[in-house]
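Working notes, structure below.
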Amino acid sequence: MDYKEGEKILALMNDKDWVETIDQLKNLECNNEKYDYRVIYRQGQQKKNRSFTFHKVNHEEGTETFTFILFDSDWETGDLTEEINDRIVLRRSEIINLEVKEKFDWSKIPPCVSKVDF
């Protein structure tokens, strides 16, 4: 960790929301059946926040990095496969927030029936 990174971490340690987000990520067990997960981050010199949707997160204790993994879905069933679609590695100082949202239950919507008269 360089000097600039150390300063940023010290400043972030005073932000209880950031500390809570990092603690959540360290212990997160993803339930992809019920929830969608998204990390908000800013890397390097980026001016705007970015987001990454993921299905699994790994915390590397020694390097203080997090690896976020997005898996492919089976096109017939919609179930997640073991094939990795995308991944991103972020330092903890680049992470801004974690969003966890309950998945929408599409089964509650009645099928669309339309009748066309000519």
Practice task
Name all residues meeting the side-chain hydrogen bond (donor to acceptor under 3.5 Å, both in side chains) criterion together with S73; count only those two or more places apart in sequence or in a different chain, and write none if there are none.
Solution key: none
Problem - Test item: D15 side-chain N/O and A11 main-chain N/O as donor-acceptor pair under 3.5 Å - result: no
Handout entry: Qualifying residues under side-chain hydrogen bond (donor to acceptor under 3.5 Å, both in side chains), relative to N49, sequence neighbours excluded
Key = R42
Handout entry: 4.5 Å side-chain heavy-atom contact, N32 and F71
Key = no
Problem - side chain to side chain contact (heavy atoms under 4.5 Å, CB included) partners of R38, counting only residues at least two apart - result: I40, S51, T53, E99
Exercise for the section: Begin with the C-alpha distance, continue with both residues' side-chain angles, and end with the deciding distance and a verdict on side-chain contact (heavy atoms from CB on, under 4.5 Å) for F52 and L90. Expected result: CA-CA 11 Å; F52 184 81; L90 299 172; over 6 Å; no
Practice task
Check whether any side-chain heavy atom of E7 sits under 4.5 Å from a side-chain heavy atom of L10, and report yes or no.
Solution key: no
Handout entry: side-chain contact (heavy atoms from CB on, under 4.5 Å) between V39 and N97, intermediate numbers included
Key = CA-CA 6 Å; V39 64; N97 199 3; over 6 Å; no
Problem - Hydrophobic cluster identity match, I96 and V19, side-chain contacts under 4.5 Å - result: no
Handout entry: Pairing residues for D74 by the side-chain hydrogen bond (donor to acceptor under 3.5 Å, both in side chains) criterion, not counting sequence neighbours
Key = T77
Fill in the blank from the handout: Rounded to the nearest 0.5 Å, the CG atom of L28 sits from the CG atom of N58 at a distance of 10.5 Å
Handout entry: Side-chain donor/acceptor of H55 to backbone N/O of L70, under 3.5 Å
Key = no
Exercise for the section: Report the residues that fulfil salt bridge (Lys or Arg N to Asp or Glu O under 4.0 Å) with K103, sequence neighbours left out, ordered by chain and then residue number. Expected result: D36
Problem - Connected via hydrophobic side-chain network under 4.5 Å: L98 and I95 - result: yes
Completion exercise
Hits for side chain to side chain contact (heavy atoms under 4.5 Å, CB included) against L12, two or more places apart or cross-chain, chain-then-number order -> K8, W18, S93
Donor-acceptor pairs under 3.5 angstrom involving side-chain atoms of residues 81-89: please list them, not counting sequence neighbours.
from, atom 1, to, atom 2, distance (Å)
T81, OG1, D72, O, 3.1
T81, OG1, E83, N, 3.3
N85, ND2, D72, OD1, 2.8

Completion exercise
residues 19-51 vs ring-ring contact (aromatic ring centres under 6.0 Å, His included), sequence neighbours excluded, gives Y37-F54
Practice task
Mind checking salt bridge (Lys or Arg N to Asp or Glu O under 4.0 Å) for E64 and listing every partner two or more places apart, or none if nothing turns up?
Solution key: R92
Completion exercise
Hits for side chain to side chain contact (heavy atoms under 4.5 Å, CB included) against K34, two or more places apart or cross-chain, chain-then-number order -> N31
